[in-house]
Amino acid sequence: MQRRLATLEDVAREAGVSQQTVSRVLNKPDVVSERTRDKVIRAMQALHYVPNRSAQLLAGKSASSIGLITASLTLHAPSQIAAAVKSYAGLHQMEVSIAMPAQVDYPSLQARLNEFRAQHIRGTIISLPLESSLAEQLVEENPDIACLFLDVSPETDVCCVRFDHRDGCGACVRHLWESGHREFGLLAGPESSVSARMRLSSWREALHWLGVSNAVTVFGDWSAASGWNKTFELLHQHPRISAIVVANDQMALGVLSALAQLNRTGSQAVSVTGYDDTADSFYFQPPLTTVAQDFNVLGKRAVELLIQLMATPQKKISELLPTRLIIRESTRPCKTEAGDEKTQLITQLKALVEKL
Ligand code: IPT
């Protein structure tokens, strides 16, 4: 015999609250206190309550879903961000509708927002590198959908939560310099990506400050395959490079694999740094020194801020999350230069200037 499906009334009785409160938890969870929300959610779980979405939509209520427009989920970072968004949205009883456009231009992004609108979605997270003008145009053309951006430049006039690239990039370059490295290869992300460009200019700024002007730059496409290919190119043309600064861990995986193939390991090793600290980076061979961006925190804040923005559309949100350098075995002291007296003197002088 089929079990009777629990109703809203059953949940209210089980939680000891009114039906209106249960309905608020479903439709506007942010206006209910955390304690009451937990009580209602526990009652829903105990009774295996399933909200009737079609009835809610037919009654003209907005769906308790949010949108996520993301960069390719074959990339480790965007997929970890999507996983975090999905689980924090779940805690707020919200589904996530995911769009992964192949083209990043106004018509394709507008088409995704139109699809969300048809599903009564009123808020979306955009985890995709966007130029300022495109992000601003989307906000202007879609005043009924709250948009929160994760990958735009600081000067873009839209609501965003993003990582502070400066500190991490500077710390990474200084770490290599202090380990005696003077011949750098920079493996940047694609030039079309805002964050890739910002990482590259921060590395160059830090190197310039240290007096290094001969760093060689190549561009990958964020994939391990591009990291692999570019390492051969880089070391073939510039065999003296002792450190490769890489714009993400996924490309660094390819770099480490190419270095192993070229026998540049052990005492011949080229130091490598990554960026992201994705869940697997500790298990690379050797474990990767990298700049950590906490995607779990990003997903949590993105969901919380989007809920606030949906409740108060005129709100201005711009939040910066910290990054952190994590030193592991893929970076080592550079043997050829470490003992150089002139180099040591420069390092000491720089440290002194910094203190002053
Ligand atoms: C950024 C990642 O750091 C990078 O590895 C790559 O996956 C890129 O996304 C794809 O667009 S994270 C972004 C929120 C700046």
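Sequential numbering from 1 along the given sequence is applied to the chain's residues. We use all heavy atoms of the structure for the numbers below, so side chains are in, but hydrogens, waters and symmetry mates are not. Order of listing sets the numbers, starting from 1, for every ligand and every atom in it.
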Original post:
Between the main-chain N or O of Leu288 and the side-chain N or O of Ser330, is there a donor-acceptor pair closer than 3.5 Å?
Top reply: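 Between the backbone of Leu288 and the side chain of Ser330 there is no qualifying donor-acceptor contact (under 3.5 Å).
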Subject >> Check: Asp157 main-chain N/O paired with Glu136 side-chain donor or acceptor under 3.5 Å >> reply: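 Pair found, side chain donor or acceptor close to backbone of Asp157.
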Among all protein heavy atoms, pick the one closest to [atom] and tell me residue, atom and distance.
atom	answer
atom 4 (C) of ligand 1	Asp276 OD2, 3.6 Å
atom 1 (C) of ligand 1	Arg199 NH2, 3.9 Å
atom 10 (C) of ligand 1	Trp222 NE1, 3.6 Å
atom 7 (O) of ligand 1	Pro78 CD, 3.3 Å
atom 13 (C) of ligand 1	Asp151 OD2, 3.7 Å

Can you confirm whether the side chains of [X] and [Y] place a donor and an acceptor under 3.5 Å from each other?
X	Y	value
Ser108	Asp105	yes
Glu131	Ser133	no
Ser271	His181	yes

Original post:
Are any of the heavy atoms in Ser127 under 4.0 Å away from ligand 1?
Top reply: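 Judged by the 4.0 Å heavy-atom criterion, Ser127 does not count as contacting ligand 1.
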Original post:
Under a heavy-atom criterion of less than 4.0 Å, does His165 contact ligand 1?
Top reply: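 The answer is no, since His165 has no heavy atom less than 4.0 Å from ligand 1.
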Original post:
Looking at Glu14, Gln93, Lys39, which hits side chain to side chain contact (heavy atoms under 4.5 Å, CB included) with Met44?
Top reply: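 Only one of Glu14, Gln93, Lys39 forms a side chain to side chain contact (heavy atoms under 4.5 Å, CB included) with Met44, namely Gln93.
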**OP:** Please say whether Ser195 places an N or O atom under 3.5 Å from an N or O atom belonging to ligand 1.
**Re:**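 There is no such contact.
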Original post:
Hey, does Tyr275 come in under 3.5 Å of ligand 1, counting only N/O atoms on both sides?
Top reply: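 Min N/O separation from ligand 1 is not below 3.5 Å for Tyr275.
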At under 4.0 Å between heavy atoms, which part of [X] makes contact with ligand 1: side chain, backbone, both or neither?
X	value
Met251	neither
Leu128	neither
Arg162	neither

Original post:
Can you list the atoms of ligand 1 that are under 4.0 Å from a heavy atom of Ala77?
Top reply: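 Heavy-atom distances to Ala77 below 4.0 Å select 2 (C), 5 (O), 7 (O).
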Subject >> Minimum-distance pair of heavy atoms, taken over all atoms of Tyr275 and Asp249 >> reply: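 Taking every non-hydrogen atom into account, N-OD1, 2.7 Å.
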Original post:
Should one rank Ile81, Leu75, Thr74 by closest heavy-atom distance to atom 14 (C) of ligand 1, which comes out on top?
Top reply: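 The nearest heavy atom belongs to Ile81.
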Original post:
Is the shortest heavy-atom distance from the side chain of Val11 to the side chain of Val17 under 4.5 Å?
Top reply: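 Sidechains of Val17 and Val11: no contact.
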Original post:
Is any side-chain N of the basic residue among Glu205 and Arg166 closer than 4.0 Å to the acidic one's carboxylate O?
Top reply: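 Looking at Arg166 together with Glu205, the answer is yes, because their closest N to O distance falls below 4.0 Å.
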